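Keep in mind the model is a prediction, meaning the values are calculated, not measured.
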Amino acid sequence: MGNFIEELYYGNINPQDRSTRQNKVVQKQMEILTQSEDFLTKNLPEEHKKSFVTFSNAWDIINGESNLDSFILGFRLGASFTYDTFVSIASPFQSLSEE
């Protein structure tokens, strides 16, 4: 792999590319969610179906924005950790050899 930032920019690294196959609890809840959504969109009266779809779309947007925010905060935390580890020489105590 080349430059990490370049690879991320070109989409060769996808931090969201994950699977729920190994997490049986999440996999089961995804199945319930899908089945429930299918049932509701097939069986609700038209006026209620529109409201449900509006609710569902709004929730998708909120969830996506929340996930983006968590990703950004996590990325910043990692960058701060890296900076403190490899760049910063600050420490809470003064070196005895500097006196």
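The salt bridge (Lys or Arg N to Asp or Glu O under 4.0 Å) analysis of residues 30-49, with sequence neighbours excluded, yields the pairs Glu46-Lys49.
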Distance-only donor-acceptor hits, side chain of residues 67-82, under 3.5 Å, sequence neighbours excluded:
unit_1, atom_1, unit_2, atom_2, d
Asn67, ND2, Asn63, O, 3.4
Ser70, OG, Ser66, O, 3.2
Ser80, OG, Arg76, O, 3.0
Thr82, OG1, Gly78, O, 2.9

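If you chain together ILVMFWY residues whose side-chain heavy atoms come under 4.5 Å of each other, Trp59 ends up grouped with Ile62.
The line from NE2 of His48 to OG1 of Thr41 is 15.0 Å long, rounded to the nearest 0.5 Å. One distance of note links OG1 of Thr34 with CD of Gln29; it measures 11.0 Å at 0.5 Å rounding. With rounding to the nearest 0.5 angstrom, the CD1 atom of Ile13 is 10.5 Å from the CD atom of Glu6. The line from CG of Leu44 to CZ of Phe52 is 7.5 Å long, rounded to the nearest 0.5 Å.
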